[in-house]
Amino acid sequence: MTEEEVNRCQIQEWYPKFKSVSIRTLIHELPEYFVEYLLDDSGPFLLPASVSNDDALPNRIHNAFEEEDYQVSEGSGDEAEPSSPPSFPELELKIKESIESLGGAVFPKLNWSAPKDAAWISTSGTLRCTSFCEIALLLRSSDSLVHDLCHAYDSCNDKTLTRPPSFFLALRKWYPSLRPEMEFRCFVRGQCLVGISQREVTMCYPALSEKKNDIKVLIQELFDSNVRQEFESENYTFDVYVTKDERVKILDFNPWGAFTLPLLFAWEELQQNVGEEGDDVEFRIVESQCAVRPGLKTAVPYDYLDTKPGSGWDQFFRNADDELQRQTRSPEAGA
């Protein structure tokens, strides 16, 4: 993988070329001071002060009796100067205008990634945003966006950059009727479509089996007529959505391998699938509940999924095992 291949997959690079076969999107270049805000973890978690009086979270009900426990008495040594929330008035007003022009609701995305792992923190449990503060909450809460901000080029064999020169915020029109089972990831190697996978692999959708052949034909037609000659990379993936009226919309492009999930395939399988033009493209869906991949759930924090040595879960299980052994050795255990 090269830096050039990674750069082609930035939404501000590919969207203008594929706008006619994608979903409505407005893109803003982010000022560097907002990028610094997203990366800053030196102080408390503060959402921006809104010039439009918008709030990312509904006001909670105040209980004066409960709150007495959290008040610090005057003159105590625990007092600290409260931090002032940051404010980005120009950016907020531009984003507010874009949200209104896109119908009042959007989902956000940086150069490469959307904050899917932070969906749990929003009031709706989705990426749907109606204000700048809701967008800031998702962006600031996301672990996956750290990839865009700090590690986008880590897998490049010609790495010279640590980050792109500029970061962009893409606001994509929110469609409440979108069905997750109709989103698919397509794998291209040697400029040939070599595989298609169901994108949402944590669920089984029985109705997909009946539509499978028709969907494959629609995706192949889109690739042949709109993608193959227009996207310059030899190897890459692209995500699509198939609408009820059988239109195929491009949602995203990603580099081949590295941080891109192969979903129902393994990368080794896909590399072996390269064949002559016209070979049948393998299309995989979750055929039964036994075949779901719950480990690929991405709408939760990374810490929930990370079980490698040294992770939070690894330490938790070690502590639990130590406690179990301690209780087993305890004299009371044999009583």
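When a residue number appears, it is its place in the shown sequence, counting from 1.
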Mind checking the [atom1]-[atom2] spacing from [X] to [Y]? Nearest 0.5 Å is all I need.
| X | Y | atom1 | atom2 | result |
| --- | --- | --- | --- | --- |
| L193 | F283 | CG | CZ | 10.5 Å |
| R189 | Q271 | CZ | CD | 4.5 Å |
| W267 | F187 | CH2 | CZ | 5.0 Å |

Does [X] reach the main-chain N or O of [Y] with its side chain, forming a donor-acceptor pair under 3.5 Å?
| X | Y | result |
| --- | --- | --- |
| T25 | I23 | yes |
| R199 | P180 | no |
| Y241 | R179 | yes |

side-chain hydrogen bond (donor to acceptor under 3.5 Å, both in side chains) partners of [X], counting only residues at least two apart:
| X | result |
| --- | --- |
| K173 | none |
| S225 | none |
| T237 | none |
| E181 | none |

Distance-only polar pair, side chains of S197 and R284, donor-acceptor under 3.5 Å:
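Distance-only check fails for S197 and R284.
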
Say whether E3 and T160, considering side chains only, have a donor N or O and an acceptor N or O under 3.5 Å apart.
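Distance-only check passes for E3 and T160.
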
Is there side-chain contact between V188 and F231, with heavy atoms separated by less than 4.5 Å?
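Of all side-chain heavy-atom pairs linking F231 with V188, none is under 4.5 Å.
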
For F88, ring pair (Phe, Tyr, Trp, His ring centres under 6.0 Å) partners two or more places apart
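For F88, the residues satisfying ring pair (Phe, Tyr, Trp, His ring centres under 6.0 Å) (neighbours in sequence not counted) are Y33, F34, Y37.
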
In terms of hydrophobic clustering (I, L, V, M, F, W, Y; side-chain heavy atoms under 4.5 Å; direct or indirect links), are [X] and [Y] co-clustered?
| X | Y | answer |
| --- | --- | --- |
| L178 | V21 | yes |
| V217 | F184 | no |
| V35 | V146 | no |

Is it true that, when you exclude E4 itself, more than 12 heavy atoms of the residues, nucleotides or ligands shown sit nearer than 6.0 Å to its CD?
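Count not over threshold, so no.
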
Would you mind writing out the side-chain donor-acceptor pairs for residues 252-265 within the sub-3.5 Å range, not counting sequence neighbours?
unit_1: D252; atom_1: OD1; unit_2: K109; atom_2: NZ; d: 3.3
unit_1: D252; atom_1: OD2; unit_2: K109; atom_2: NZ; d: 3.0
unit_1: T260; atom_1: OG1; unit_2: P255; atom_2: O; d: 2.8

Could you walk me through whether Q220 and D224 pass the side-chain hydrogen bond (donor to acceptor under 3.5 Å, both in side chains) test, one step at a time?
CA-CA 6 Å; Q220 182 73 61; D224 291 337; 3.1 Å; yes

Tell me which donor-acceptor pairs under 3.5 Å the side chains of residues 38-49 have, and how far apart each pair is, sequence neighbours excluded?
unit_1: D40; atom_1: OD1; unit_2: S42; atom_2: N; d: 3.0
unit_1: D40; atom_1: OD1; unit_2: S42; atom_2: OG; d: 2.6

Cluster companions of L93 among Ile, Leu, Val, Met, Phe, Trp, Tyr (side-chain spacing under 4.5 Å)
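Traced through the cluster, L93 reaches V51.
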
Apart from L161 itself, residues in the same hydrophobic cluster as defined by side-chain heavy atoms under 4.5 Å:
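Taking Ile, Leu, Val, Met, Phe, Trp and Tyr as members, L161 shares its hydrophobic cluster with M1, V6, W112, Y153.
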
Run E90 and K94 through salt bridge (charged side-chain N to carboxylate O under 4.0 Å, His left out) and show every step you take.
CA-CA 6 Å; E90 292 183 10; K94 289 179 181 177; 5.2 Å; no

Suppose the criterion is salt bridge (charged side-chain N to carboxylate O under 4.0 Å, His left out): which pairs have a residue in residues 12-35, not counting sequence neighbours?
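Applying salt bridge (charged side-chain N to carboxylate O under 4.0 Å, His left out) to every pair that reaches into residues 12-35, excluding sequence neighbours, yields K17-E232, E32-R163.
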
Report the residues that fulfil salt bridge (Lys or Arg N to Asp or Glu O under 4.0 Å) with K212, sequence neighbours left out, ordered by chain and then residue number.
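Only E287 meet the salt bridge (Lys or Arg N to Asp or Glu O under 4.0 Å) criterion with K212.
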
Could you note down all residue pairs passing side chain to side chain donor-acceptor pair (under 3.5 Å) where residues 95-106 supplies at least one of them, sequence neighbours left out?
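Qualifying pairs, neighbours excluded: H28-S98.
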
